[in-house]
Amino acid sequence: MSISAKAEKRTLSDAEVVEAYLTASMIPDPDAAAAYMKSGTIITFTGGREFDHPRGPTGFNAARYRWVKKKMDRFDVCPGADETVVYSIGTLYGEWIDGTPFEGNRYVDRFVVRGGQIVKMDVWNDSAERILVQRGIEA
């Protein structure tokens with residue numbers, strides 16, 4: 001077996017599972033992203049919105065942004081007995097739906113990974129506050 005074939009069979013770490021999910025979701029390719037999640041996983045998005053597939057956040061983001069990407073600054077990994085909690089921390093950049101560019105929008109995503117699959121995801125970011133400021137409302 002070649003070295004590259006052996007590398008392809010390597011199991012991803014929990015942080016790598018999260019990074020692969022986020023990378024696929026930024027394409028956006030929600031079906032590829034879903035391959036890293038256990039079926040039925042609940043994604044709790046900003047504002048408490050719940051989705052059961054990565055298509056939910058992708059559709060929501062399409063109404064808020066022309067496009068959006070994550071600058072993933074770090075992953076904080078908290079291993080437990082049967083699961084690992086992985087935090088992805090960084091900033092969002094892209095264009096609002098009106099075409100105005102933005103960057104530096106803080107985010108924190110919290111994932112629970114069990115058996116090599118994401119089983120829970122929670123999302124927080126500063127987008128709502130930035131939208132308020134755009135509209136002249138002090139956040």
Side-chain angles (χ1 to χ4, degrees):
M1 184 181 292
S2 72
I3 292 172
S4 63
K6 286 180 184 176
E8 288 176 24
K9 293 186 181 259
R10 181 180 69 82
T11 302
L12 297 177
S13 71
D14 293 336
E16 289 170 328
V17 167
V18 168
E19 185 176 15
Y21 168 86
L22 290 171
T23 299
S25 69
M26 284 189 291
I27 291 173
D29 187 343
D31 292 324
Y36 299 97
M37 295 190 131
K38 185 173 180 173
S39 180
T41 293
I42 298 299
I43 302 166
T44 306
F45 213 61
T46 58
R49 297 165 186 87
E50 290 188 347
F51 304 106
D52 62 0
H53 191 279
R55 282 187 296 268
T58 298
F60 176 79
N61 283 340
R64 183 174 274 191
Y65 312 106
R66 277 194 183 174
W67 63 273
V68 62
K69 304 287 183 207
K70 291 185 176 184
K71 179 179 176 291
M72 296 177 262
D73 291 332
R74 73 176 200 257
F75 295 93
D76 292 346
V77 180
C78 307
D82 297 322
E83 62 189 27
T84 302
V85 175
V86 178
Y87 292 91
S88 174
I89 300 167
T91 57
L92 303 175
Y93 64 97
E95 288 183 8
W96 297 110
I97 200 71
D98 69 0
T100 304
F102 69 90
E103 62 183 352
N105 183 343
R106 299 174 309 160
Y107 82 85
V108 175
D109 293 341
R110 180 185 183 274
F111 296 84
V112 177
V113 182
R114 192 177 304 132
Q117 289 191 297
I118 297 165
V119 298
K120 182 167 179 35
M121 178 182 179
D122 296 288
V123 176
W124 296 275
N125 64 57
D126 286 338
S127 291
E129 286 76 13
R130 287 178 169 232
I131 291 169
L132 289 171
V133 170
Q134 277 182 332
R135 296 190 175 158
I137 301 168
E138 191 160 335

Peer 1: For Arg114, which residues count as a side chain to side chain contact (heavy atoms under 4.5 Å, CB included) partner, sequence neighbours excluded?
Peer 2: Glu83, Val112, Val119

Peer 1: Please round to the nearest 0.5 Å and tell me the distance separating atom CZ of Arg66 and atom CH2 of Trp96.
Peer 2: 13.5 Å

Peer 1: Please answer: with hydrophobic residues joined when any side-chain heavy atoms are less than 4.5 Å apart, are Tyr21 and Tyr87 in the same cluster?
Peer 2: no

Peer 1: Report whether Val85 and Met37 are members of the same hydrophobic cluster (ILVMFWY, side-chain heavy atoms less than 4.5 Å apart, transitive linking).
Peer 2: no

Peer 1: Which heavy-atom pair separates Gln117 from Ala35 by the least distance, and what is that distance?
Peer 2: NE2-O, 4.2 Å

Peer 1: What closest approach, in Å, do Pro30 and His53 show between heavy atoms, and which atom pair accounts for it?
Peer 2: O-CE1, 3.7 Å

Peer 1: Might you point out which heavy atoms bring Pro28 and Thr58 nearest each other, and give the distance in Å?
Peer 2: CB-CG2, 4.0 Å

Peer 1: Going by side chain to side chain contact (heavy atoms under 4.5 Å, CB included), name the residues that satisfy it together with Asp109, two or more places apart in sequence or in a different chain.
Peer 2: Leu22, Lys70, Ser88, Tyr107, Phe111, Met121, Val123

Peer 1: Examine Ile43 and Ile89 and state if one hydrophobic cluster contains both, with Ile, Leu, Val, Met, Phe, Trp and Tyr joined whenever side-chain heavy atoms are less than 4.5 Å apart.
Peer 2: no

Peer 1: Do any pairs count as a side-chain hydrogen bond (donor to acceptor under 3.5 Å, both in side chains) and have a residue in residues 26-51, sequence neighbours left out, and if so which ones?
Peer 2: Asp31-Arg55

Peer 1: Could you see if Trp124 belongs to whatever hydrophobic cluster contains Ile131? Use Ile, Leu, Val, Met, Phe, Trp, Tyr and a side-chain cutoff under 4.5 Å.
Peer 2: no

Peer 1: In chain order, what residues pass the ring pair (Phe, Tyr, Trp, His ring centres under 6.0 Å) check against Phe75, with sequence neighbours excluded?
Peer 2: none

Peer 1: Give me the atom names and distance for the closest heavy-atom approach of Val17 to Gly116.
Peer 2: CG2-O, 3.7 Å

Peer 1: Any chance you could pull the hydrophobic cluster mates of Tyr93, using side-chain heavy atoms under 4.5 angstrom and chaining through other members?
Peer 2: Trp67

Peer 1: Does Val133 share a hydrophobic cluster with Leu92, counting links as ILVMFWY side-chain heavy atoms below 4.5 Å and allowing steps through other members?
Peer 2: no

Peer 1: Roughly how far, to the nearest 0.5 Å, is the CD atom of Glu129 from the CG atom of Asn105?
Peer 2: 8.5 Å

Peer 1: According to the interplanar angle, ranging from 0 to 90°, do the rings of Phe51 and Phe45 count as parallel (below 30°), tilted (30 to 60°) or perpendicular (above 60°)?
Peer 2: perpendicular

Peer 1: Can you name the residues that form a side chain to side chain contact (heavy atoms under 4.5 Å, CB included) with Asp82, not counting sequence neighbours?
Peer 2: none

Peer 1: Could you pull out the closest heavy-atom pair between Val77 and Ala15, with the gap in Å?
Peer 2: CG2-CB, 3.9 Å

Peer 1: Which atoms form the tightest heavy-atom contact between Arg130 and Gly104, and what is the distance?
Peer 2: NH2-O, 3.0 Å

Peer 1: Set out, in order, the CA-CA distance, both residues' side-chain angles and the distance that settles side chain to side chain contact (heavy atoms under 4.5 Å, CB included) for Val86 and Glu19, then state yes or no.
Peer 2: CA-CA 10 Å; Val86 178; Glu19 185 176 15; over 6 Å; no

